[in-house]
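Below is one structure; the comments refer to it alone.
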Amino acid sequence: QVQLVESGGGSVQSGGSLRLSCAASGYTESRYCMAWFRQAPGKERERVAALDSGGRTIYADSVEGRFTISRDNAKNTLYLQMNTLKPEDTAMYYCAARFSRFANVGCMVASSNRDFGVWGQGTQVVVSE
């Protein structure tokens, strides 16, 4: 059974940085599409960034240039480095993934809940003024 476990959330002041981690386990397929989503109170879940096993990445306009998605394949861990944080970045952050022979296909446009079969439990990020 594939599992994703996030960590690294917390409280930080505006302009600060955090790094989120998502440890993946229980899969055997080398091809993947992984993403970070976030959901603020009263708002819909939105994709923040995605990365596929071909090394392609994509970011939401709101975080472009401030956030970096990466993966350590040796540790089976996905990261989201978040710099220059703003109060509007406050949200629950979720890691999502799909592992299959064709997981890469359409990864850069995979932006809804149904595009990913595995989700983590979420980690809270709070950015204060």
*Is a side-chain donor or acceptor of Q124 paired with a backbone partner of A91 at a separation under 3.5 angstrom?*
yes
Minimal heavy-atom distance between G120 and Y94, with the atoms involved, is O-CD2, 3.8 Å
### Task
Decide salt bridge (Lys or Arg N to Asp or Glu O under 4.0 Å) for D115 and R47; before the verdict, give the C-alpha distance in whole Å, the side-chain angles of both, and the deciding distance to 0.1 Å.
CA-CA 11 Å; D115 291 324; R47 189 189 67 180; over 6 Å; no
- Any side-chain heavy atom of Y27 sitting closer than 4.5 Å to one from V118? no
Taking the side chain as every heavy atom from C-beta outward, state whether Y79 and Q81 have any atom pair closer than 4.5 Å. no
Between T57 (side chain only) and L51 (backbone N and O only), is there a donor and an acceptor less than 3.5 Å apart? no
Closest heavy-atom pair, F37 versus A35, reported as atoms and distance to 0.1 Å, is CE1-CB, 3.8 Å
**Asked** Do M82 and V12 have side-chain heavy atoms sitting under 4.5 Å apart?
**Response** no
The reported gap from CG in N83 to OG1 in T68 (rounded to nearest 0.5 angstrom) is 6.5 Å
Interatomic distance, CH2@W119 vs CD@E6, rounded to 0.5 Å, equals 9.5 Å
request  = Ignoring hydrogens and angles, state whether a donor on the side chain of N104 or S53 is under 3.5 Å from an acceptor on the partner side chain.
outcome  = yes
Linking I/L/V/M/F/W/Y whenever their side-chain heavy atoms sit closer than 4.5 Å, directly or via other members, would L20 and V63 fall into one cluster?
yes
Rounding to 0.5 Å, atoms OG (S25) and CD (Q3) come to a distance of 5.0 Å
Rounded to the nearest 0.5 Å, the CD atom of E88 sits from the OG atom of S14 at a distance of 7.5 Å
N76 side chain reached by R71 side chain, heavy atoms, under 4.5 Å: yes
**Asked** Under a 4.5 Å cut-off applied to non-hydrogen side-chain atoms, are L78 and W36 in contact?
**Response** yes
dist M34:CE -> F99:CZ (nearest 0.5 Å) comes out at 4.5 Å
If you count every heavy atom of other residues, nucleotides or ligands that lies below 6.0 Å from Q13 atom CD, does the total exceed 12? no
OH (Y59) and CG (L80) are apart, to the nearest 0.5 Å, by 7.5 Å
**Prompt:** Y93 and L4: same hydrophobic cluster, using ILVMFWY side-chain contacts below 4.5 Å?
**Reply:** yes
On a heavy-atom basis, the closest approach of R31 and R101 is CD-O, 2.8 Å
Would you say the side-chain atoms of R98 pair up with the backbone N or O of A103, donor to acceptor, closer than 3.5 Å? yes
Is F67 close to L85 at the side-chain level, that is, under 4.5 Å between some pair of heavy atoms? yes
Could you tell me whether the side chain of R38 reaches within less than 4.5 Å of the side chain of V125, counting heavy atoms only? no
What I want to check is whether the side chains of N73 and Y32 have a donor and an acceptor closer together than 3.5 Å. yes
